[in-house]
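As the structure lists them, so they are numbered: ligands from 1, and atoms in each ligand from 1.
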Amino acid sequence: MNQKGCPEHKVMALLSNAMRKDTTYEKVLSAMCTRPHPVAVKAHMQFIESNMGDFGLFQGTKELEEKVIKMMGEMLGDKNACGYITTGGTESNIQALRTARNLCNKEHPNVVVPASAHFSFDKIADLLRIEIRKAALDSEFKVDMESAEALIDDNTIALVGIAGSTEFGQIDPVDKLAELALSNNLFLHVDAAFGGFVIPFLGRKYDFDFSVKGVTSITADPHKMGMSTIPAGGLLFREEACLLPLEIDTPYLTIRKQHSLTGTRSGGAVAAAYAIMMHLGMEGYREIVGRCMKMTCRLVEGAKELGVEPLIDPVMNIVALDVPELDEVRKQLRAKGWTTSITRSPRAMRLIIMPHLREDVLELFISDLGAILKKI
Ligand code: PLP
């Protein structure tokens, strides 16, 4: 740090220079976050000083958080669900399995997750000293129930289902996982970090949330398809008792106990999530998801016209395309400004059709992809 401070206009110029190196979302087809809605940004700025780590000082923001959790509970099948706004899907998954571990009191606990689980579960293995057992997937990239059942033993404490898998956007058979969980007396966590703000707004109904008996907890992130600001994840439990194993005493704060993983926690992100959910309502989200799904269908149609097939018919706004010469095609797309990503097994081009994508930009992508494939 310099001894003498720098005038504001110079600092702002430094920031602008740094920002020029950032990628704007326009041609990004690899991200699960998006440009936050202006209403969320406004709310975040209004509550920029608020710290939910010591919410005794910020009772108004605490009330907003309770309202967000209630709205999310209603959206996810249980208006009485409880929980809090986390920093994202990773924290929510950690905390859900921390609860499961603390409630079960096993010396060598293990958790059965689908092979499609997000890498946050590998962090959990390391942090919580839980063995993560990966069940095979079926031909549609959903968890294979026989494989999941075979991995359960006396030390299993929980099952995990994914509702909107990171790579394929697939939804596991949560109802069947719930039957398995109930018959083995296991905790069932549903990771709907991405799908939580998509699946309730699809034309088709899926059983993936608290409406399924046996689902204990759900991750669903306002900072992904919820159109809110970063950092905002949601962790919901069916039972209030599930928050107790997370509590620790906080003797020198204005509150007596805290159950979040982080200490200091953004009240801005809480206000933003509240504001955008109030502003959009179910109808607003339905419209956003509808538009993303329309573009997703157009992308698949355009790809098929180029002779490229999706690995599965998209369930939500995530597409895995079986593109030949994948690395070379992605490199050439990158040279034209497109950011794409990959699925691991099988390797395919992974594209996420987020609200920041415009219809004319999508057409340009299809045309660029076609031109590259023609030359290969
Ligand atoms: N779970 C799923 C299914 C995800 O797709 C992601 C992120 O892509 C996460 C968890 C982790 O979320 P975050 O990056 O907000 O911690």
If you look at each N/O of ligand 1, which protein N/O atoms lie under 3.5 Å away, and at what distance?
from: ligand 1; atom 1: 1 (N); to: Asp191; atom 2: OD1; distance (Å): 3.2
from: ligand 1; atom 1: 1 (N); to: Asp191; atom 2: OD2; distance (Å): 2.6
from: ligand 1; atom 1: 5 (O); to: Thr166; atom 2: OG1; distance (Å): 2.8
from: ligand 1; atom 1: 12 (O); to: Gly89; atom 2: N; distance (Å): 3.4
from: ligand 1; atom 1: 12 (O); to: Lys224; atom 2: NZ; distance (Å): 2.9
from: ligand 1; atom 1: 15 (O); to: Gly89; atom 2: N; distance (Å): 3.0
from: ligand 1; atom 1: 15 (O); to: His223; atom 2: NE2; distance (Å): 2.9
from: ligand 1; atom 1: 15 (O); to: Lys224; atom 2: NZ; distance (Å): 2.8
from: ligand 1; atom 1: 16 (O); to: Gly89; atom 2: N; distance (Å): 3.4
from: ligand 1; atom 1: 16 (O); to: Thr90; atom 2: N; distance (Å): 2.8
from: ligand 1; atom 1: 16 (O); to: Thr90; atom 2: OG1; distance (Å): 2.6

*Report the C-alpha distance between Phe168 and Val315 in whole Å, list the side-chain angles of each, state the deciding distance to 0.1 Å, and finish with yes or no for side-chain contact (heavy atoms from CB on, under 4.5 Å).*
CA-CA 8 Å; Phe168 303 103; Val315 175; over 6 Å; no

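For Asp22, the CG atom sits in a packed shell: over 12 heavy atoms of surrounding residues, nucleotides or ligands are nearer than 6.0 Å. Within 6.0 Å of the NZ atom in Lys331, the count of heavy atoms belonging to other residues, nucleotides or ligands does not exceed 12. By the neighbour-count criterion of 12 heavy atoms within 6.0 Å, atom CD of Glu149 is sparsely surrounded, having that number or fewer from other residues, nucleotides or ligands.
A cation-pi arrangement is present between Lys62 and Phe55, with the terminal nitrogen or guanidinium carbon under 6.0 Å from the aromatic centre and inside a 45° cone about the axis.
Here the options are Val270, Ile85, Leu235, the test is side-chain contact (heavy atoms from CB on, under 4.5 Å), and the partner is Ile69; only Ile85 passes.
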